[in-house]
Every structure is written in C-alpha cells, then in structure tokens.
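Accompanying notes for the structure given below.
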Amino acid sequence: MGQPEQPESASSVSRRGFLKGVGATALATGALAQSGLAATALAPRTANAEPPAAPPVPLFGPAPVAVKLDINGKVRELRLEPRVTLLDALRNHLDLTGAKKVCDRATCGACTVLMDGKTVYACTVLAVEAQGKKIETVEGLAEAHGGNAPIQKCFVANDAQQCGFCTPGFVMACEGFRRGHAGASREEVLEGLGGNLCRCGTYHGVANAVLDVLDAAKGGK
Ligand code: FES
Ligand code: FES
C-alpha cells in the first residue's frame with residue numbers, strides 16, 4: 001500500500017511544493033554565484049555589516065626573468081624576479097657587497113653606485129631597469145686604478161671614515177660629484193653630498209677629501 005496523500009492546508013507545505021521551492025532557490029544561488037554577486041546578495045544587511053572580503057593576494061610574484069647587467073665594464077647575466085633591486089642583485093647574486101643595505105628606502109645613501117655616470121641609490125632601482133646602463137660600484141673603482149682610486153686615497157689622507165659602514169656609498173657619491181664639479185667650493189661639496197648620511201659624523205673629512213681630489217685634478221696631480 002502506498003503512502004496516503006497528505007491533504008494540503010493553508011498552514012502546511014506539501015512535499016512537492018517544498019522541493020520546488022528548494023530547487024528554485026538553488027538555481028537562483030548558482031546564478032548569483034556565477035555573476036559574483038552571491039556573497040553580497042545573500043549577506044544579511046545590517047548597519048555595521050563588514051564590507052565583502054578582498055580577493056586573496058597571490059603568494060608568489062612573476063617568475064625569474066633573464067637580466068643582463070653591465071657592471072664595472074663586464075656583462076653579467078642573471079635570472080631574477082622582476083621585483084629584485086639593483087642593490088640585491090649586486091649583493092646577493094654577484095657577491096659585490098661594497099654597496100651597503102642600510103635603510104633600503106632611499107634615505108641614507110649607503111647603497112650609492114653610479115649608473116651612466118650619475119649617482120643613484122641602488123636600493124631604489126630595479127635590476128631590470130638597470131639593463132642597458134653602465135653600472136659602476138666601489139669594487140670597480142678600485143679595480144680600474146689597480147688599487148685605491150684618487151678619491152679613496154684622499155679619504156684615507158683626510159681620515160674621512162670611522163666605522164666605515166657609510167664609506168663605500170660616500171666614495172661613490174664623491175666620485176660622481178667630482179666628475180662634474182671641477183672647482184666646486186666647500187659649500188657646493190657639502191650640498192652635493194647631501195644625499196648621504198654618516199652616523200659617525202665624518203662630513204668634514206669627506207668634504208676635505210673631495211676638495212683635495214678636485215685640487216689634485218686642477219694641478220694635474
Ligand atoms: S640603503 Fe639605499 S639609500 Fe639607504
Ligand atoms: S663612518 Fe660610520 S657611519 Fe659613516
């Protein structure tokens with residue numbers, strides 16, 4: 001014997017009616033989910049409702065790409081993620097640790113190198129951006145002179161370093177400055193080196209070193 005039909009009343013819902021209702025709701029939810037509106041459409045609306053969650057941030061960035069850098073006159077080929085800075089490329093991938101990582105945000109100058117003859121903070125240049133430019137580091141400066149370059153000799157003579165942590169960046173800043181500023185005054189030197197900080201306070205020694213190297217160039221020494 002089959003199940004007896006339940007009579008429908010105003011206050012009860014028949015099994016068939018209930019299933020129809022569920023099916024219609026499921027279809028509507030699926031359609032909303034496909035259009036990306038499900039979360040907002042179905043969320044309870046209250047005055048203090050949280051905004052919908054932001055899409056998840058990917059854990060990994062773009063994969064390494066081929067990067068060719070001209071460092072101290074030698075072409076170096078690397079594979080680096082596009083986010084890698086010139087400073088990290090030098091220090092972590094090429095073992096050129098003269099440029100220092102101190103602030104890593106364009107404040108201290110400890111990472112100064114020359115790019116096409118101009119001083120730059122290597123922590124703010126991406127390695128991929130440095131392609132096609134001539135990069136000079138403190139290692140190359142010494143190498144090109146077969147020992148200390150004139151500016152480095154003037155640093156030593158003027159006692160222009162104490163702990164030495166800022167010194168490679170200062171040396172490159174001074175080298176970049178002296179190339180375009182023959183005959184600069186002390187004030188111009190101090191202003192020109194304003195992008196480099198020294199916690200040991202060697203500024204006057206550094207300025208004297210630059211003035212000496214400019215004098216030596218003038219006298220053909
Ligand atoms: S480490 Fe680059 S400016 Fe400080
Ligand atoms: S010599 Fe020490 S920070 Fe400059």
Side-chain angles (χ1 to χ4, degrees), residues 61 64 67 69-72 76 78 80-143 145 147-181 184 186-214 216:
V67 177
L69 295 173
D70 180 338
I71 313 277
N72 299 326
R76 311 294 298 265
L78 300 166
L80 302 171
E81 288 177 28
R83 69 183 174 87
V84 173
T85 63
L86 176 59
L87 180 62
D88 284 341
L90 292 172
R91 293 182 57 82
N92 302 341
H93 297 269
L94 296 170
D95 210 19
L96 293 170
T97 55
K100 299 287 181 275
K101 192 183 211 175
V102 178
C103 68
D104 204 20
R105 58 191 62 200
T107 301
C108 70
C111 62
T112 303
V113 298
L114 302 185
M115 191 157 85
D116 282 348
K118 300 244 168 15
T119 51
V120 293
Y121 294 145
C123 68
T124 61
V125 177
L126 292 174
V128 289
E129 290 178 299
Q131 295 185 101
K133 321 262 183 189
K134 292 198 175 311
I135 311 297
E136 292 172 69
T137 71
V138 72
E139 291 89 347
L141 196 61
E143 217 172 88
H145 289 84
N148 279 343
I151 184 64
Q152 291 170 305
K153 289 181 183 160
C154 290
F155 261 62
V156 175
N158 286 282
D159 208 9
Q161 65 283 313
Q162 286 189 36
C163 78
F165 211 75
C166 70
T167 308
F170 252 121
V171 165
M172 294 313 289
C174 293
E175 177 65 15
F177 179 85
R178 72 141 199 101
R179 290 185 191 178
H181 294 86
R186 171 176 288 275
E187 288 66 38
E188 287 168 331
V189 170
L190 288 171
E191 195 183 327
L193 301 178
N196 289 62
L197 301 179
C198 172
R199 292 180 65 169
C200 302
T202 59
Y203 299 106
H204 286 288
V206 170
N208 288 340
V210 177
L211 291 170
D212 279 2
V213 86
L214 292 177

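All of these numbers come straight from a predicted model, not from anything done at the bench. Start at 1 and go down the list; that is how both ligands and their atoms are numbered.
- For atom 3 (S) of ligand 1, the closest non-hydrogen atom on the protein side is Gly109 N, 3.2 Å.
- Close approach to Cys103 involves these atoms of ligand 1, each under 4.0 Å from a residue heavy atom: 1 (S), 3 (S), 4 (Fe).
- With a cut-off of 2.8 Å, atom 4 (Fe) of ligand 1 has an N, O or S atom of Cys108 in range.
- Of all atoms in ligand 1, listed by their number and element, those nearer than 4.0 Å to a heavy atom of Ala106 are 3 (S).
- Applying the 4.0 Å criterion to heavy atoms of Cys166 picks out, from ligand 2, the atoms 1 (S), 3 (S), 4 (Fe).
- Between the side chain of Asn72 and the backbone N or O of Thr137 there is at least one donor-acceptor pair closer than 3.5 Å.
- The SG atom of Cys174 sits 4.5 Å away from the CD1 atom of Ile151 when rounded to the nearest 0.5 Å.
- Of all atoms in ligand 2, listed by their number and element, those nearer than 4.0 Å to a heavy atom of Arg199 are 3 (S).
- To the nearest 0.5 Å, atom CG of residue Leu211 and atom CG of residue Asn158 are 9.0 Å apart.
- Heavy-atom contacts of Cys123 reach the following atoms of ligand 1: 1 (S), 2 (Fe), 3 (S) (cutoff under 4.0 Å).
- Residue Cys163 approaches ligand 2 through these ligand atoms, each under 4.0 Å from one of its heavy atoms: 1 (S), 2 (Fe), 3 (S).
- Contact atoms of ligand 1 toward Asp104: 1 (S), 4 (Fe) (distance under 4.0 Å to a heavy atom of the residue).
- Here Cys111 meets the criterion, with an N, O or S atom under 2.8 Å of atom 2 (Fe) of ligand 1.
- Annotation: side chain of Leu126 is not in contact with side chain of Leu86 (no heavy-atom distance under 4.5 Å).
- Between Leu96 and Arg91 there is no side-chain heavy-atom pair separated by less than 4.5 Å.
- Remark: ligand 1 atoms within the under-4.0 Å shell around heavy atoms of Val102 are 1 (S).
- At a threshold of 4.5 Å between non-hydrogen side-chain atoms, the residues Leu190 and Glu187 do not count as touching.
- Between Thr119 and Met172 the shortest side-chain heavy-atom distance does not fall below 4.5 Å.
- With Glu139 contributing its side chain and Thr97 its backbone, the two residues share a donor-acceptor pair below 3.5 Å.
- Taking 4.0 Å as the cut-off between side-chain N and carboxylate O, Asp88 and Lys101 count as a salt-bridged pair.
- Interface atoms of ligand 2 facing Gly164, defined by a heavy-atom separation under 4.0 Å, are 1 (S), 2 (Fe).
- Which parts of ligand 1 touch Thr107 is read off a 4.0 Å heavy-atom cut-off, strictly below it: atoms 3 (S).
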